[in-house]
Amino acid sequence: MPFVGRERELRQLNDTLARPPVIVLIEGEAGVGKTRLLRELDGHPMLSGSCHPMRFPYGPIVEALRAARPPRGLNPVTGALRPLLPECAHLLPPAPPPLHNAQVERHRLFRGVLSLLDALRPITLVVEDVHWVDQDTRELLGFLARCLPEAVNLVLTYRAEDLCHPVTELIAHLPPHIDHVELALAPLTAEETELLAKHLLPGSADLWPLTGGLPLAIEELARMLAQGMEPGTPPALRDALRLRLDALPPVARRIVQAAAMLEEPACLHTLTTVAGMLPEQGERGLAEAVRRGLLREWTPGTYGLRQPLARQAVRESITPTIRRRLSRRIEAPTQPVGVLSPREEQVIGLAADGLTNREIAESLFLSRRTVEVHVANALRKLGLTSRRQLSKAK
Ligand SMILES: Nc1ncnc2c1ncn2[C@@H]1O[C@H](COP(=O)(O)OP(=O)(O)O)[C@@H](O)[C@H]1O
Ligand SMILES: [Mg+2]
């Protein structure tokens, strides 16, 4: 399969891994190319395992170590790994006797992993998708990170948007005495997207606007086009996105749906208005949608889906009733519930009836200046730019 771009990242990774022991953190959204980048590395012996949403205890460690072909003369402590690694049990020393204390046995297991890695050096242990790490592996990684042997590297990949507290803690508390390098992978540039599309498709197609440079989206869209299908959201992307949407708290989901219905990235106020929520709900929903990577900040204060394909997928997932409701609020924004003060409500009600500021001032015994301020504030809160739009919004 063709590989494009990432020259700088590959160079940096190669240089870093050549100076063990080092811990490398590779962060990037799903499908951006973390696994692929590691596959493109040359000359670094690796053992690699992935965390899984099922969070099997020691799952990624078992996956990585079962492929090991250790030399003879291993430390007897590595025998503790026998029950976990039947695939290579014949290469390991006999299993030591049980210890009748779970914590002590666990420590022996951890030392077994350490000792096996030491025997395999130079080696790089890769644990992928640590946002799904199980508790046992997390603790083992914390242990390994603290006493990484000479000529052993540790590489962790993860999606920041799916991280939860214990993993953040693991990453935040990596031991300072071991070098660690962080690498954040961004989507491909427009030129790189074009180059990849050229490799994948016979004719020329501009996949950048729909995919935003996400390699997985480029590949899937190219596959659809090659099969003569209409450009649309590839099923794999659509399903992955829907799963993530379903996992959101309701306020965040509604904000993402509002963003998907809007043509352009929008501010918190507009999103809250279109979602039909209270300001504090909107704020909470937006923060969560951004934290979980469903929305991103495009320009300061404006938020939208990451790629048009994602927007399309979310739009398609909205039920007709909700879609109608959201569209209605886009066409005629109403006030997000509870935003206007009672006075603003009173003033804006009269303005919507067609009264001038002077007439409103007289009828409410206010100064004209005060009325002007109330009208301006209320219009802003309603997401309107002129009072002429008021009759429409009523
Ligand atoms: N730089 C690249 N050039 C070409 N294809 C790429 C590139 N990066 C990723 N891909 C392809 O995109 C798909 C998703 O990449 P992957 O590495 O699995 O993403 P991640 O591990 O970040 O979820 C894979 O099929 C991969 O081969
Ligand atoms: Mg991957």
Side-chain angles (χ1 to χ4, degrees), residues 9-10 12-27 34-35 37-39 41-51 57-71 73-81 84-85 88 91-93 103-158 163 166-184:
E9 288 89 347
L10 268 180
Q12 189 186 353
L13 253 183
N14 266 317
D15 291 350
T16 306
L17 295 179
R19 289 181 278 107
V22 65
I23 300 171
V24 182
L25 302 172
I26 304 180
E27 183 268 319
K34 303 179 289 298
T35 303
L37 183 69
L38 288 167
R39 293 230 171 99
L41 282 173
D42 222 6
H44 300 283
M46 278 187 190
L47 288 172
S48 180
S50 298
C51 303
Y58 300 120
I61 302 298
V62 169
E63 190 184 323
L65 295 186
R66 72 183 173 195
R69 288 296 163 263
L74 286 173
N75 184 321
V77 77
T78 56
L81 298 174
L84 276 184
L85 304 171
C88 58
L91 302 171
L92 299 172
Q103 272 307 86
V104 180
E105 217 157 62
R106 202 167 142 82
H107 183 226
R108 188 168 66 182
L109 184 75
F110 284 16
R111 290 199 304 122
V113 174
L114 198 62
S115 182
L116 183 60
L117 289 173
D118 195 31
L120 293 166
R121 67 197 164 138
I123 191 81
T124 295
L125 175 67
V126 178
V127 178
E128 287 235 59
D129 297 330
V130 289
H131 46 272
W132 285 321
V133 77
D134 62 280
Q135 192 187 330
D136 294 292
T137 304
R138 178 167 56 81
E139 285 168 16
L140 172 58
L141 289 177
F143 175 84
L144 292 178
R146 226 157 279 128
C147 35
L148 216 50
E150 286 296 314
V152 176
N153 294 315
L154 183 60
V155 176
L156 308 179
T157 73
Y158 64 97
L163 276 189
V167 188
T168 327
E169 203 173 72
L170 167 76
I171 290 172
H173 291 138
L174 289 175
H177 66 277
I178 302 226
D179 261 0
H180 64 265
V181 172
E182 291 174 30
L183 197 66

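Just so it is clear, the values below take in all heavy atoms, side chains as well, and ignore hydrogens, waters and symmetry mates.
Expressed to the nearest 0.5 Å, how far CG of Leu144 lies from CG of Leu117 amounts to 6.0 Å. Note that CG of Leu154 is 12.0 Å distant from CD1 of Ile123, once rounded to the nearest 0.5 Å. One finds the CD1 atom of Ile61 at 10.5 Å from the CG atom of Asp136 (value rounded to the nearest 0.5 Å). Atom CG of Leu141 and atom CG of Leu125 lie 7.5 Å apart (nearest 0.5 Å). Going from atom CD of Gln12 over to atom CG of Leu183 covers 5.0 Å, rounded to the nearest 0.5 Å. Between Gln135 atom CD and Tyr58 atom OH the span is 9.5 Å, to the nearest 0.5 Å.
Take Ala184 and apply the side-chain contact (heavy atoms from CB on, under 4.5 Å) test, not counting sequence neighbours, and it matches Glu27. Legend: residues meeting side-chain contact (heavy atoms from CB on, under 4.5 Å) with Ile178, ordered by chain and number and at least two apart, are Ile23, Leu148, Pro175. For Asn75, there are no side-chain hydrogen bond (donor to acceptor under 3.5 Å, both in side chains) partners, not counting sequence neighbours. Listed by chain and residue number, His165 satisfy the side-chain hydrogen bond (donor to acceptor under 3.5 Å, both in side chains) test with Glu169 (two or more places apart in sequence, or in another chain). The salt bridge (Lys or Arg N to Asp or Glu O under 4.0 Å) test applied to Asp134 returns no partner, not counting sequence neighbours. The side-chain contact (heavy atoms from CB on, under 4.5 Å) test applied to His131 returns Asp129, Tyr158, Arg159, Asp162, Leu163, not counting sequence neighbours. Scanning for side-chain hydrogen bond (donor to acceptor under 3.5 Å, both in side chains) contacts around Arg121 gives Asp118, with sequence neighbours left out. Residues passing the side-chain hydrogen bond (donor to acceptor under 3.5 Å, both in side chains) test with Thr35 are Glu128, sequence neighbours excluded. Shown here are the side-chain contact (heavy atoms from CB on, under 4.5 Å) partners of Arg111, two or more places apart in sequence or in another chain: Val77, His107, Phe143. Looking at residues two or more places apart in sequence or on another chain, you find a salt bridge (Lys or Arg N to Asp or Glu O under 4.0 Å) between Arg108 and Glu105.
A side-chain hydrogen bond (donor to acceptor under 3.5 Å, both in side chains) with His44 holds for exactly one of Thr124, Thr16, Asn153, Asn14; it is Asn14. Remark: of the listed residues Pro60, Cys51, Ser50, Cys51 is the sole one forming a side chain to side chain contact (heavy atoms under 4.5 Å, CB included) with Trp132.
Put simply, the side chain of Leu65 does not reach to within 4.5 Å of the side chain of Leu84, judged on heavy atoms. Contact of the Cys147 side chain with the Leu114 side chain is registered, since non-hydrogen atoms from C-beta on lie closer than 4.5 Å. Inter-residue side-chain proximity for Pro21 and Val152 is flagged as unmet; no heavy-atom pair is nearer than 4.5 Å. By the 4.5 Å heavy-atom criterion applied to side chains, Ser115 and Leu74 are not counted as neighbours. Using a 4.5 Å heavy-atom threshold, the side chains of Ile26 and Leu38 count as touching. The closest side-chain heavy-atom distance from Leu109 to Leu81 is below 4.5 Å. By the 4.5 Å heavy-atom criterion applied to side chains, Leu174 and Leu25 are counted as neighbours.
Screening residues 60-71 for salt bridge (Lys or Arg N to Asp or Glu O under 4.0 Å) gives Arg66-Glu87 as the qualifying pairs, with residues at least two apart or on separate chains.
For CG of Asp15, the number of neighbouring non-hydrogen atoms (other residues, nucleotides, ligands) closer than 6.0 Å is greater than 12.
The nearest pair of heavy atoms linking Pro70 to Leu91 is CD-CD1, 3.7 Å. The two residues Arg138 and Leu170 make their nearest non-hydrogen contact at O-CD1, 3.8 Å. Across every non-hydrogen atom of Cys88 and Ala68, the tightest pair is CB-O, 4.1 Å.
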